[in-house]
Amino acid sequence: MRRLVLPLLMVAVFGGCGDDGGSPGERSVVATTTQVADLARQVGGERVEVEGMLRAGGDPHDYEPRPSDVAAVAGARVLFRSGGEVDEWLGDVIDNAGGDAEVVTLLNSVEREGDDPHWWQDPRNAVRAVEAIRARLARVDPAGRGTYDRNAARLTARLRSLDGAIAACVERVPRAKRKIVTTHDSLGYFARRYGIEVVGAVIPSLSTQAQASAGDVEELVQQIRRERVEAVFPESSVNPDIERAIAREAGATTGSPLYADSLGEDGSAGDTYTRALAADARALVRGMSGGRVDCAL
């Protein structure tokens, strides 16, 4: 990671909304990934303006921080990071930014699976992350505790309802058909939560920065055929050409792109965490069942 240069003039372009209690700088929040930024915005509501580092549709595994990220962190009161490999580049930003932001690593507040950093694929972990966000915002802004408590409770109820709806939807797919192939190993938490088998990945790694050999691809094609996998699912943040070629060669279909590592653009089906999770669940169920099962989530 090349060194980032701290701009000579740093202006905090984000802050609180000028309501009761505290100066804007006291409620300045920065979040690394799109999922974390969305959860922080929903808990913080109008009392907190959240500056997200990653943009919708971006791949966190190959993100290169910008000078504006350094400026944002330098002026932040709280920095929420996802944790693990997806935002390990944050260390260089913090080193260059200085400041006194409290760093909250949400991976430490969830039930993690080994080195897999994709904790948000299980909505029960999102509930745990929401509580960590609520607690930290209430600590740095006690006057807003009531707002954060209400927002967190409302979001938690929505997440639990969505979790139950996804579980019921997946149950409609015959167990023998609950098999998926994805771009990289990003759906482990989702698969374990809902009883789905991850047969393989185009990039057999927790990061999209790894590369598959020709032998790996051929082996995956044969495995898809043996396991009778219905669909190969590309991810919205990467080019889907390889996934399409593998699906074609294996006699499978190409499923709808998943919001695996990034939320979608504003106005898309995945522009919030809950909408992205619901969209992914619908896409997976349709793909696994060969289009025979669909759910309203």
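When a residue number appears, it is its place in the shown sequence, counting from 1.
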Check: Arg286 main-chain N/O paired with Asp294 side-chain donor or acceptor under 3.5 Å: no
Pair Arg244 + Asp241: basic N to acidic O under 4.0 Å: yes
Between Asp122 and Tyr194: side-chain donor-acceptor atoms closer than 3.5 Å: no
Working for side-chain hydrogen bond (donor to acceptor under 3.5 Å, both in side chains), residues Thr253 and Glu230: CA-CA 6 Å; Thr253 62; Glu230 291 276 358; 5.7 Å; no
Step-by-step side-chain hydrogen bond (donor to acceptor under 3.5 Å, both in side chains) determination, Glu218 to Gln222: CA-CA 6 Å; Glu218 179 57 30; Gln222 296 302 323; 2.8 Å; yes
Ala157 backbone acceptor or donor facing Ser161 side chain under 3.5 Å: no
Donor-acceptor side-chain pairing of Gln35 and Ser82 below 3.5 angstrom: no
Side chain Thr34, main chain Leu263, donor-acceptor under 3.5 Å: yes
Leu155 vs Val43 side-chain heavy atoms within contact, under 4.5 Å: yes
Glu111 side chain reached by Arg124 side chain, heavy atoms, under 4.5 Å: no
Geometric class of the His118/His61 ring pair [parallel <30°, tilted 30-60°, perpendicular >60°]: tilted
Check: Arg193 side chain, Ala167 main-chain N or O, donor-acceptor pair, under 3.5 Å: no
Arg128/Glu131 salt bridge by N-O under 4.0 Å criterion: no
Exercise: identify the closest heavy-atom pair between Glu171 and Arg178: O-NH2, 3.4 Å
Donor-acceptor contact below 3.5 Å, side chain Ser236 vs main chain Leu258: yes
Side-chain heavy-atom pair Val29, Glu49 within 4.5 angstrom cut-off: no
Test: Arg192 cationic atom under 6.0 Å from Tyr189 six-membered ring centre, within 45° of axis: yes
Val181 side chain reached by Ile224 side chain, heavy atoms, under 4.5 Å: yes
Ser109 backbone acceptor or donor facing Arg112 side chain under 3.5 Å: no
Test item: Asn151 and Gln42 side chains (from C-beta on) under 4.5 Å apart, heavy atoms: no
Polar side chain donor-acceptor pair, Thr32 to Trp89, under 3.5 angstrom: no
